[in-house]
Amino acid sequence: MSIHLKEHPLAGSFDSLDLIDPLCRAVAEEKYTTPTPIQSQAIPHLLAGRDLLGCAQTGTGKTAAFALPILQYLAKNPKSAARYGARALVLTPTRELALQIADSFRVYGRNLKIKHAVVFGGASYNNQVRELSRGVDVLVATPGRLLDLHGQGHARLNNVELLVLDEADRMLDMGFLPDIRRIVATIPEKRQTMLFSATLPKEILKLSEQFLNDPAHVSVTPPSSTVEKIDQRVLFVERENKTALLHAMLEDESLYRVLVFTRTKHGANRTVQKLRKSGVEAEALHGNKSQAARVQALNKFRSGKARVLVATDVAARGLDIDGITHVINYELPNEPESYVHRIGRTARAGALGVALSFCDAGEHAYLRNIERVTKRAVTVLDSHPFHSAAIASSGKRPAKPAASARPRPRQRSRKPSPRRVESVQGAWNRGGGVPSGMANHQRRRAR
Ligand code: AMP
């Protein structure tokens with residue numbers, strides 16, 4: 001049954017959430033002053049012990065929304081975990097997310113005595129087995145590796161009291177459903193279950209009916225607010241000129257920390273090789289890389305040693321990297337949701353952000369879909385050396401034939417307004433071609 005929270009008199013402060021002192025101190029130490037919408041909606045239900053179906057994506061503060069109530073439950077109901085056992089289990093699709101979530105438990109639980117462990121594929125079993133052997137309060141895991149460990153007797157799930165399915169839609173996309181079913185079948189039915197998903201397609205609702213018991217529903221819609229802060233541009237370019245355009249873009253130093261998205265892993269590798277050849281420090285992030293190589297690539301990007309990270313959607317999903325000034329869609333994604341996720345990697349924590357999308361002749365339909373879903377037209381940036389007027393005009397919507405000969409009163413269109421074309425001739429050469437994703441203070445630091 002869906003329950004919508006009424007505004008609490010203290011809504012807007014962590015004090016209204018009945019969190020225990022060690023957790024209040026931890027969030028204060030993180031400089032969080034107000035709960036995010038998913039936190040203020042979800043935490044009261046979870047503290048009351050209810051199951052929860054949450055529609056929220058990474059970037060909304062959903063990790064704290066489930067981690068704080070879990071930590072509170074564990075602190076208020078102390079019990080030592082059985083050997084190889086876990087009291088709370090968080091399943092998440094990727095290694096990067098698993099590491100991020102485990103780190104959040106460490107940060108939010110820093111004033112409590114909580115043992116946690118993280119297990120994921122692509123890393124050695126030894127350390128993971130050792131950590132599990134002592135029994136943990138919180139286990140964060142990707143489904144495949146957890147099942148392997150469980151099959152070998154190194155993970156016991158029969159004492160799990162709290163279960164989180166994080167990024168459930170992505171786990172389904174990645175084919176984890178059979179693994180998830182097998183894992184859930186080994187967990188006691190008497191448990192508190194939380195399912196978070198960025199989207200709620202039919203399959204997710206079905207899953208929630210099977211796994212959740214009378215859940216509270218909470219939903220936040222961050223994309224529009226996030227999207228509004230981002231300066232979005234589309235650059236029409238022939239496919240074969242995309243590499244040259246990327247190089248031309250990167251001549252502008254205000255593209256300081258740049259996340260480039262390609263559709264394929266090979267595309268990501270090729271792009272990195274070409275960038276390196278021309279002297280741009282770049283790293284690739286995708287599923288074919290070993291865990292060690294991924295961590296290394298991310299560290300180089302985070303520390304600024306690599307200016308450009310070229311990633312695929314799956315690998316970059318949920319990455320929380322501060323200070324990304326520009327997201328470049330080397331290829332447009334065919335799902336508008338992926339576009340929203342991608343560009344949401346910039347403009348985090350109130351910073352400015354720019355999203356540049358390279359659109360070739362075959363990608364017009366994707367662009368139109370994106371504009372329909374985000375309910376806004378993407379501004380055209382044509383002041384670059386590879387602008388294709390032919391592609392730009394080929395995408396113009398054909399005028400609709402009149403439905404009847406009789407003129408009708410004009411109605412307001414609900415479609416995005418026609419694209420504003422920014423035609424700053426010569427702006428490129430004057431250095432004004434690319435919008436800057438950095439606030440002035442960031443620029444000063446960058447120099
Ligand atoms: P998440 O969606 O859990 O990945 O969180 C996204 C980012 O928001 C992380 O960097 C968190 O540290 C940050 N965050 C979470 N909750 C809050 C809050 N209440 N106030 C400020 N930042 C937050």
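Start at 1 and go down the list; that is how both ligands and their atoms are numbered. All values derive from a computational prediction rather than experimental measurement. Residue numbers count from 1 along this sequence.
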query: With atoms numbered from 1 as shown, which atoms in ligand 1 lie under 4.0 angstrom from a non-hydrogen atom of F14?
result: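 Going through ligand 1 atom by atom, the ones under 4.0 Å from F14 are 19 (N).
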
field: ligand 1 atoms in contact with G61 (distance to a heavy atom under 4.0 Å)
entry: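 Numbered from 1, ligand 1 contributes 1 (P), 2 (O), 3 (O), 5 (O), 15 (C).
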
So is there a nitrogen or oxygen of [X] less than 3.5 Å from a nitrogen or oxygen in ligand 1?
X: T63; value: yes
X: Y32; value: yes
X: Y108; value: no

Between [X] and [Y] (salt bridge meaning N to carboxylate O under 4.0 Å), is one present in this structure?
X: K79; Y: E161; result: yes
X: E335; Y: R263; result: no
X: D231; Y: R233; result: yes

message: Between F261 and Y330 (judged by ring centroids, cut-off 6.0 Å), do the two rings come close enough to count as a pair?
response: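 No - the distance between ring centres of F261 and Y330 does not fall below the 6.0 Å cut-off.
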
query: Hey, does the Lys NZ or Arg CZ of R130 hover above the aromatic six-ring of Y125, less than 6.0 Å from the centre and inside 45° of the axis?
result: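 Pair R130/Y125 does not count as cation-pi.
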
query: Heavy atom under 4.0 Å from ligand 1: found in Q39's side chain, backbone, both, or neither?
result: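 The answer is the side chain of Q39.
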
- prompt: Are the side chain of R345 and the backbone N or O of L259 linked by a donor-acceptor pair below 3.5 Å?
  reply: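 Not a single qualifying donor-acceptor pair exists.
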
field: Heavy-atom nearest option to atom 19 (N) of ligand 1, drawn from T34, I38, I101, L97
entry: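 Minimum heavy-atom distance to atom 19 (N) of ligand 1 goes to T34.
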
